[in-house]
Amino acid sequence: MMLLVSTLGSLALRHFGTSLVTYLVKPVFLHGFSGFLHLLLLVVLLVSLVWRKVAVGTRESSTMNITFPKAPLCSLLVSAINFLLFLFDYFCWYKNGWSEEKLATLLDFLFKTVAWGVAGVCLHMELFISRERRLPFFFRAWCVLYLVVSGYFFIVNFALYKEKHSALPLQSLVSDAFSVCVCLFFFYLELFVKSEGGVGDSTLQESLLDTDSRDDVFETKETKGSDTVTPYSNAGIFSLLTFSWIGPLITVGRKKPLDLEDVPQLDKRDSLIGAFPTFSDRLEAQCGAITSVDTLMLVKSLVFSSWKEIIYTAILALLNTLASFVGPYLIDGFVQFLNGQRKFEHEGLILVTAFFVAKLLECLTRRHWLFRLQQVGIRMRALLVTMIYNKILNLSCQSKHGHTTGEIINFMTVDAEKVGEFSWHLHDLWLVVLQVIVALLILYRNLGLASISGLVAILIVMWANIPLGSIQEKFHNKLMESKDARMKTTSEILRNMRILKLQGWEMKFLSNITQLRKIEQDWLKKVIYSLVMIIFVFWCAPAFVSVVTFGTCILVGIPLESGKILSTLATFQILQEPIYNLPETISMMAQTKVSLDRIASFLRLDEILFDVVEKLPQGSSNVAVEVVDGNFSWDSFSPGITLQNINFRVFHGMKVAVCGSVGSGKSTFLSCILGEVPKKSGILKVCGTKAYVAQSPWIQSSTIEDNILFGKDMERQRYEKVLEACCLKKDLDVLPFGDQTIIGERGINLSGGQKQRIQIARALYHDADIYLLDDVFSAVDAHTGSHLFQECLLNYLSSKTVVYVTHQVEFLPAADLILVMKDGKIIQSGKYDYLLKSGTDFMELVGAHKEALSALDSIDGGKASAITSTSKEDVSFVVSQGIEEKEVRKNEKNGGKDNKHDPKGQLIQEEEREKGKVGFAVYWKYITTTYGGALVPLILCAEILFQLLQIGSNYWMAWATPITSDAEPTVGGSALIFVYVALAIGSSICVLARATLVATTGYKTATSLFNNMHLSIFRAPMSFFDATPSGRILNRASTDQRAVDIDIPFQTGSFAASIVHLLGIVAVMSQVAWQVFIVFIPITAINIWYQQYYLPAARELSRLVGVCNAPVIQHFAETISGASTIRSFDQVPRFQQTNMKLMDGYSRPKFNNAATMEWLCFRLDILSSITFAFCLIFLISIPHGFIDSGIAGLAVTYGLNLNIIQSWMIWELCSLENKIISVERILQFSSIPSEPPLVVEENRPHDSWPSCGRIDIHNLQVRYAPHMPFVLHGFTCTFHGGLKTGIVGRTGSGKSTLIQTLFRIVEPTVGRIMIDGINISSIGLHDLRSRLSIIPQDPTMFEGTVRSNMDPLEEYTDEQIWEALDKCQLGDEVRRKEGKLDYAVCEDGENWSMGQRQLVCLGRVLLKKSKVLVLDEATASVDTATDNLIQQTLRQYFSDFTVITIAHRITSVIDSDMILLLNQGLIEEYDSPARLLEDKFSSFAQLVAEYTTRSNSSFDQLK
């Protein structure tokens, strides 16, 4: 019994065991248990989410785990895979009924999809939003359990699959294998990756990701993105492949508007610091000297600088091309499979897998190929810009005169940019050949010998590129030349806008810009309409090739099957892109060649010859400067000599004065010592370092401290001594920012004297051995001039060698050696006493000084010289140029605050940029600018009709041809081709209409935006130009305008085309399988989410690209104007380093912008590939005969382009939003607050106004802005008509403000100014300014001719111009010039001396003959004799005119009828000179005494 029981028990246990084992391997249990585990995971995750929200709350992030974003992305990927498996099984089974196993499997996949999706969200919150540094504990435990379970499931399913070969376990096998891999991946992240990040990586992640707590992160220097190198440098393979390394920056941009400090530094390979030395060495090794470079050498060096990336991208391009042809190759087999011709088991799955894998490979290679090429382009552009900049620093003066600032800036903004953009097309030419060869192989497989006709058609299309490319090169070359001319003129006008407004010339010069733009527009029109023809021809090319190929098949009797036709059409679609891009490639090659030729031509220009000066080692000789038989000429190729027979020797410590009349060669003499003037013959030796102070002050747009230090380290004691010696201490004391005050462009917010004193301070702080001073005392008043001469030249530089040019005779006696120059020769040399006895020419200069001084005695009987001056200069920082009182606000107290880090209130602010999404108003304005947007619907209709005809033609071919050669054709061959040709012709006409409409709209819009912006700029008040560096305006007029001219119109059209094309693809696919919407709709939602996630960062990066370009342009412009000063201080290396830093600052957002674009496109490509794969899975899962296999093949043919078109659409949208910022920036400058109207029609003065010239000023109060203090306080006086009034006063007393108010550069706040009974505020600005005349402090000449400079408005005859030239003593000088009145004037009149330029300004007012004439320091740049000549001319020809003179030279105002002395914006004295001098305690008498005291040394000698 016991044995029986034991036996039964054993059998029962064995049966139970067998049953249990059998149950444990059943699919129902496997999938049920798996589903339970995932349901458990889902419940726990949801509970944790609720708990976090309710109990804990959201914590701000400060750090994040190094596993982000890999863990959340991995979870979401698992969710997506299981979702695809769920859909696959559902569509495979829903027509065949359900079973337990099938339901369990579907539920398992569903739970996996939801659970892993929620896990991805939770991990994102745990690792990114919270402060957790590890994966959650429950998740780690669950992964351990599920690793064991999934491993078990995988083994069981694999065994079942091997045993049964059933279709059911295959999907489960894939899912289990993927689950095992995922769990292992999480273990890898937890155990290894976390420990590899280290402190550096953690810091990088913190700085890039933690943006919620700005106070803790972004205000701490150590954690700014700009203090770290881009994660691209040390990213892992997974991060590189998926562009995840840029994800943190995108996240930062989503949370806050990006600033440059958030953008990481470039990798060493992309930074100029690392890349430029190699490039420069390579180029010099090829050409020997940079002046011998040619275009080929430049190209070779550029290629060598990026050869690794070029080879790598070539491999990627090759793989991409091969992968792209996998689809067309397999379409015929896929159509036959759908038609029921199965060659082997699971053929459908294998075909789908091949399609999907090929798409993934195509996506991956394309994204990295394009990104690396953009990286190469950014690097090449930076290298070229740096080469151009370095060339500027060494450019000879003669070469510089041949290229204006605008032209040189165009080399950087346009030509170098064009070379960088060509990197996109680097491989296009050989890829076209490869694509044609591969396409021919597929065509031969499908159509046999008929493929030869296709080859011929393709070659015909390519051959057509030759004339098109030639036309493009010609037109683009002309377009660039015309753009150069416009930018050159624009740059010059912006530098001299104050003069134009004072003279009332701004609208005339605006018309000059408009005329130049019209010339540019003519070439622009030819460029864009030739591009229209190119688009038309090459959109027709695929249809043309198809017609030729299919027509040949019918003629030779080759049967056309739908599968082979679809394969052929898919092949032609792939060829369409390279054929379509081929004209653009050839156009880009032509444009790039033009740009490279222009750059190479510029680099070949002559440079400063460093062997002109023989530099002796410091301390090796007691001779500082020596010239023996020196002959120098600015034009090294001209037989003429500028300075001849120069012989002199200067010992260390000597003070050498250089004097002579205007145009005698004094400034050229100093330039010779600097080595700036080519040497014809002789010897020039210099021993020691040099410091140079130019006659025209050169000031950088930076702080006062930076301008004085000029690259030197701060030594506080020396710095304070320099400030004291240069009379700058009091200026800085009254400034709220002290020496951290930012100086405007070209010192726009300083008076001439202040700029000069800062220049002198820069030279003194440099502590050089030899100082070269070019007439530095002429721009300051008498007391300041005496102080500077005594404290700087005689005391501070007592042991230094000083060579100073001066027109003021009173500074000559202190010189150890005086050189008297005339007509480019040293005609006399010696000490003061010696020259007085022996020099007739010197006596002429001294005699003129004596004559000027005698005027003082004639007024006051010699009493003036006995007055002792006890006054001190009350120095304040004058706001003489517009809005500088913004800085002098005494009521603002800084306390102990460090103003250096508080930019508010500074004159020059950071460039304004919009933040956030580009407003719809910008798009609407762009669309409706031309014809109110009436052409836009026509463009859309043309594009929609084109797509319908394209789809119709392909649908016709798929429907009308049989599936196999055995089937009967639906229509005859001739009818087949006839209909196809008709549809192709219709689509071609639509393309032509669309391209023409897009070009017309873009052209008209660009013209309108250009005109509106320039009108707004020219009508802007002067305060706008004071606070806006010209680089910002030039950036909009060049880079942004170029985008509006060509890029944006065609990009807008391309975006519209991509949307219509995408909708067409979806329509074709959904017609065959409407179920595609199940995937398409959520994937489209994900696409939109990705786009919205990406756009904030990309938008700000694009704006930063524009903002960061302006400082580069500004630095270029400053360097061009101050190159001689930079060279003289030996600061060339420092400026080169600064330029490289600025260029890297520009490249940083550009590089990251390219990476963010590829980050988005990669993800969109993957999603569109999933959509395509789902469509294929559905097609192979439906029963045979359920749909027409030919139409299904058509859907696959279109689906092959789904990822390309979808990414193309998103790329175009994002690129358009980035480009539209150019429109936004132009619109910014199209709405600048304007000056009052130029003309008030109802209140125009009579043509003879002003007839008397009487000026009545009543209670005039002026301030520069509502929040600023008054500069003039209740000013009341009368300037009687026909009298001469001299205005004097200390620096900052309000002299220049009064003149600006008279010309309404600044509007009166209270009170009025009446001229001959008319309130000047009631008439138009043009009517006012055109009736007044002014000779400004800074003499200005424009590039052109003598005639155009004398008469810019073209109102006078040549006889009148000659008469005016004779009156201002320039007639003989001009007659000696080649061309006479047509003699060329260089940019800024650099081939004329300062004195001659001042005389030209005098000639202008002699022509104009206005009843009111203002002289603002008009004789500061001329010698005393010329000053006397000007005064004599004014007395002779303006005897009955109202003349108002502001001057530091007392002799220039002493013969005035009235003297107005201002002090702190109030009238201190106003009377005749004689009466003022009678009172020896009057302020005017004290000013005169200062001048005469300074002149006593020379005056006594004259006695």
Side-chain angles (χ1 to χ4, degrees), residues 68-70 72-73 76-77 80 120 124 208-209 230-232 235 238-255 257-258 262-264 316 320 359-360 362-375 377-378 424 916-918 1051 1054-1055 1058-1059 1061-1062 1080 1082-1105 1149-1172 1201-1221:
F68 180 83
K70 297 172 184 176
L73 284 178
L76 295 175
L77 181 61
H124 173 77
L208 286 176
L209 292 172
T230 174
Y232 173 75
F238 178 83
S239 182
L240 286 174
L241 287 176
T242 61
F243 294 95
S244 298
W245 57 269
I246 197 65
L249 185 62
I250 297 174
T251 305
V252 174
R254 186 167 178 261
K255 292 191 171 188
L258 288 176
D262 302 320
V263 182
L316 292 176
N320 178 267
K359 273 295 164 190
L360 290 181
E362 181 185 350
C363 154
L364 196 64
T365 54
R366 184 174 183 81
R367 299 277 63 91
H368 285 274
W369 161 28
L370 294 179
F371 171 67
R372 290 301 184 98
L373 285 183
Q374 290 180 78
Q375 184 182 7
I378 293 169
W424 286 75
K917 187 176 182 179
V918 177
Q1051 210 149 35
S1054 184
F1055 171 63
S1058 65
I1059 292 178
H1061 199 163
L1062 181 64
F1080 181 75
I1083 283 185
T1084 300
I1086 296 172
N1087 281 345
I1088 295 172
W1089 181 84
Y1090 264 126
Q1091 180 199 353
Q1092 295 303 314
Y1093 190 87
Y1094 149 87
L1095 271 177
R1099 189 186 301 122
E1100 298 308 320
L1101 285 170
S1102 184
R1103 285 175 174 145
L1104 282 174
V1105 169
K1150 201 171 181 69
F1151 170 82
N1152 286 279
N1153 196 25
T1156 55
M1157 177 73 77
E1158 300 307 326
W1159 177 91
L1160 176 69
C1161 288
F1162 174 79
R1163 281 147 182 79
L1164 299 187
D1165 282 354
I1166 294 295
L1167 292 172
S1168 60
S1169 298
I1170 291 172
T1171 305
F1172 178 57
N1201 284 332
L1202 179 63
N1203 70 313
I1204 296 175
I1205 300 301
Q1206 193 169 20
S1207 62
W1208 175 37
M1209 183 196 74
I1210 299 297
W1211 188 92
E1212 290 289 356
L1213 174 61
C1214 299
S1215 182
L1216 179 60
E1217 179 152 357
N1218 292 341
K1219 288 285 186 182
I1220 206 73
I1221 291 170

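Computed from a predicted model, the values in this text were never measured in an experiment. Reckoned from all heavy atoms, side chains included, excluding hydrogens, waters and symmetry mates.
- For the pair L316 and W369, the tightest heavy-atom approach, listed with the atom from each and the gap, is CD1-N, 3.6 Å.
- Judged by distance alone, the side chain of S1058 and the main-chain N or O of F1055 form a donor-acceptor pair under 3.5 Å.
- Side chains of Y232 and S239: no donor on one and acceptor on the other come within 3.5 Å.
- In this structure, L1160 and I250 have side chains that are not in contact, with every pair of non-hydrogen atoms separated by 4.5 Å or more.
- The CD1 atom of I246 sits 11.5 Å away from the CG atom of L240 when rounded to the nearest 0.5 Å.
- Across every non-hydrogen atom of E362 and N320, the tightest pair is O-ND2, 2.8 Å.
- Side-chain contact check for M1157 versus Q374: every heavy-atom pair is 4.5 Å or farther apart.
- When all heavy atoms of C363 and I1166 are compared, the pair lying nearest together is SG-CD1, 4.0 Å.
- A distance of 11.0 Å separates CG of D1165 from CD1 of I1170, quoted to the nearest 0.5 Å.
- Ring pair W1159/F371: centre-to-centre distance not below 6.0 Å.
- The distance from the OH atom of Y1093 to the OG1 atom of T1156 is 12.5 Å, given to the nearest 0.5 Å.
- For the residue pair F1162 and L364, the shortest heavy atom distance occurs at CE1-CD1, 3.4 Å.
- Side-chain contact between T230 and W245: present, with at least one pair of heavy atoms (C-beta onward) separated by less than 4.5 Å.
- If you take CG on N1152 and NZ on K1150, they are separated by 12.5 Å, rounding to the nearest 0.5 Å.
- Of the possible donor and acceptor atoms, one in the side chain of R1163 sits under 3.5 Å from a partner among the backbone N and O of T242.
- Of the inter-residue distances, the one linking E1158 atom CD with N1153 atom CG reads 10.5 Å to the nearest 0.5 angstrom.
- Across G253 and P1096, no two heavy atoms sit closer than the pair O-CB, 3.4 Å.
- Distance check: E1100 CD to R254 CZ gives 14.5 Å after rounding to the nearest 0.5 Å.
- Residues L1104 and L258 come closest through the heavy atom pair CD1-O, 4.0 Å.
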